[in-house]
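Since the structure is predicted, the reported quantities are computational estimates derived from the model, not experimental observations. Below, chain A is the first sequence line, B the second, and so on; all start at residue 1.
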Amino acid sequence: METGKKVRVRYAPSPTGMMHVGNFRTALYNFLFARKHKGVFYIRIEDTDQSRFVEGGAENILRTLVAMGIEHDEGPFLKNDHIEQKGDFGPYLQSQRLIIYQQSANQLIASGKAYPCFCVPERLEKLRQEQEGAKIPTGYDRLCRKLGAEEIEKRQTAGEKFVVRFKMPQGDETTFEDMIRGKISFQNKLLDDYVLLKSDGYPTYHLANIIDDYLMGTTHVIRGEEWLPSTPKHVLLYKAFDWQVPYFAHLPLLLNPDRSKLSKRQGDVAVEDYLAKGYYPEAVLNFVALLGWNPGTEQEIFSLDDLTKEFSIERIHKSGAIFDHNKLNWLDDYYHKHKENRWLTPKDVDLRRELIKEFIPAHIISNANAATAMLGMIEQRLHGPSDIPHIPELFSFLENTPPYDSTLLLWKKMKSLAEAKTALIKIKEIISHINENDWDERIEIDVMDLAQKYGDRGAVLWPMRVALSGLDKSPGPVEIAKSLGRKETLKRIDEAVAKIN
RNA sequence: GGCCCCGUCGUCUAAUGGUUAGGACGUCGCCCCUUCAAGGCGGCAAUACGGGUUCGAUUCCCGUCGGGGCUACCA
């Protein structure tokens with residue numbers, strides 16, 4: 001690593017809507033790297049594509065970062081839902097820096113390292129099709145590179161639209177050192193005269209990114225692997241400006257189960273989606289941090305502080321990692337059971353519980369005790385937030401007993417249904433004496449007491465459970481009775497008794 | 001097609017020349033037990049393939065195969 005120079009890294013999202021989990025991981029690793037080296041972590045918004053502008057996109061990203069507990073030192077911040085900027089290298093929104101890019105592009109033209117190109121999109125499209133048809137590599141044919149100063153001026157004054165292209169040096173090769181992958185080189189002759197400035201006056205990513213990384217003092221560029229192929233273009237641009245090239249680290253991609261780049265279409269990809277579903281931010285962060293990196297120990301649970309202490313760029317992997325929901329669910333469940341280890345979610349706030357509440361039937365919600373019991377029962381048996389939408393199917397027996405055969409009421413150690421009937425009648429007798437107000441506390445004591453006296457607990461508990469749920473597999477009978485309330489419980493037992501004749 | 005990157009259980013990964021190739025998730029089985037779930041215990045499961053280098057390769061080199069990314073006036 002460079003000696004003496006203070007580390008400055010950034011997260012530079014394009015505000016196109018939601019925050020992709022892969023982008024979140026990039027932000028997290030940058031954050032961790034900065035903290036680890038006592039450097040600066042700043043945010044820059046790369047809003048140079050007018051066609052992809054999304055109202056509120058930048059605000060949304062900032063909000064998500066706050067929700068995930070990732071704090072930056074410089075850049076845009078949200079105050080009362082409005083963006084304000086902090087730091088000495090601003091503005092941090094590229095749309096506010098247009099003049100800088102334009103001047104830089106002109107400077108490159110003046111020094112002969114870039115040139116205006118008047119080729120219209122239609123020509124470029126046709127060219128590309130011809131190249132594909134001829135099965136030769138696609139790319140700009142450098143037609144406008146040959147234009148003389150006179151013609152350029154003539155066409156510009158005539159008001160012809162143009163872009164500015166980089167004059168790619170021919171021959172030789174460009175090599176750079178990636179902190180994760182080592183030395184990588186590309187042949188210059190295979191590189192395109194790519195566009196720096198678009199005809200609408202906005203810069204492309206390549207131009208704006210390099211200028212800003214330089215002007216904002218970026219020491220290390222930590223970004224996704226999808227940028228690896230364009231890195232030589234970036235290196236050459238730095239050199240054209242005679243600027244020092246920063247260190248690069250290209251992170252392995254997050255993958256779909258089929259190993260393609262993690263994308264919408266194959267499930268949720270936005271951090272906001274997971275948060276909205278009731279996942280704990282700690283679980284998402286812990287999970288994502290371990291995709292492509294680990295400290296080499298057998299530790300699985302990491303707080304943000306742990307990560308800050310342990311993180312090292314040397315231990316980042318080279319190959320992509322599949323986003324496996326099973327492990328995310330397991331981690332989420334861990335944080336659900338170990339509130340004390342959560343560092344972000346207020347201990348008394350439980351989004352997951354709020355989401356489950358929405359599935360409790362109206363007639364139950366009016367009975368506070370029953371509602372609490374049902375909530376607890378459902379909560380305990382879910383395998384993760386992804387189960388929440390399936391509550392209606394999973395717990396449909398709470399609404400209505402599914403049709404079931406009376407033989408299901410027969411406990412495996414019983415000889416005849418008459419025994420089951422007797423047991424049910426005894427259960428009914430006992431619990432019908434319980435006062436509505438004492439229901440919650442007495443039901444368990446009385447039922448278990450009866451089961452104990454029977455000598456064979458199953459002889460009481462099995463028929464009761466089936467009577468209440470209509471299922472061969474379900475939560476315990478007492479749990480269900482509490483969730484159902486006194487009236488419904490008695491009704492279902494009566495129905496079961498009536499089935500046996 | 002061209003360029004670049006990658007390749008340890010199904011998944012996330014540990015082990016960078018010498019391990020019975022370790023852990024976690026999932027899965028399967030057992031125990032517990034009123035069913036299920038939970039919990040406890042245990043099992044199955046991997047170095048892509050072929051050549052080298054070496055006394056010895058998961059580890060270093062080459063090739064093959066496989067996967068992915070990029071190939072825009074998007075980032």
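You'll find that the side chain of A:Ser319 is closest to B:G7, out of B:C73, B:U34, B:G7. Of the candidate nucleotides B:C6, B:C73, B:C70, B:C73 has the atom nearest to the side chain of A:Arg165.
Between A:His336 and A:Tyr334, the ring centre distance reaches or exceeds 6.0 Å. Taking the six-membered ring for Trp, A:Tyr202 and A:Phe53 have ring centres at least 6.0 Å apart.
Within the nucleic acid shown, A:Arg259 comes within 4.0 Å of sugar-phosphate atoms alone, with no base atom in reach, counting heavy atoms only. Across all strands, A:Ser230 comes closer than 4.0 Å to no nucleic acid atom at all (heavy-atom distances). Residue-level contact check: A:Pro477 touches the bases, meaning some heavy atom is under 4.0 Å from a base atom. Within 4.0 Å (heavy atoms only), A:Arg181 reaches sugar-phosphate atoms of the nucleic acid but no base atom. Nucleic acid contact class of A:Gly292 (heavy atoms, under 4.0 Å, all strands): sugar-phosphate only. Using a 4.0 Å heavy-atom criterion, one finds that A:Ile184 contacts the sugar-phosphate atoms exclusively. Note on A:Phe186: only backbone sugar-phosphate atoms sit closer than 4.0 angstrom, heavy atoms only; bases stay farther off. Across all strands shown, A:Trp411 has heavy atoms under 4.0 Å from sugar-phosphate atoms exclusively, and none from any base. When heavy atoms are screened at a 4.0 angstrom cut-off, A:Pro203 is found touching the sugar-phosphate backbone but no base atom. Within 4.0 Å (heavy atoms only), A:His317 reaches sugar-phosphate atoms of the nucleic acid but no base atom.
Within the structure, every side-chain polar atom (N or O) of A:Thr16 is placed at least 4.0 Å from both OP1 and OP2 of B:A75. The side chain of A:Lys318 places no N or O atom within less than 4.0 Å of a non-bridging phosphate oxygen (OP1 or OP2) of B:C4. Dashed line: the shortest gap from a side-chain N or O of A:Lys337 to OP1 or OP2 of B:A38 is not under 4.0 Å. Here A:Trp462 does not reach the OP1 or OP2 of B:U34: none of its side-chain N or O atoms lies under 4.0 Å away.
At least one donor-acceptor pair closer than 3.5 Å links the side chain of A:Asn256 to the backbone N or O of A:Ser263.
Note: A:Trp293 and A:Phe311 have tilted aromatic rings, judged against thresholds of 30 and 60 degrees for the angle between ring planes.
With hydrogens and angles ignored, a donor-acceptor pair under 3.5 angstrom links the side chain of A:Ser199 to the base of B:C73.
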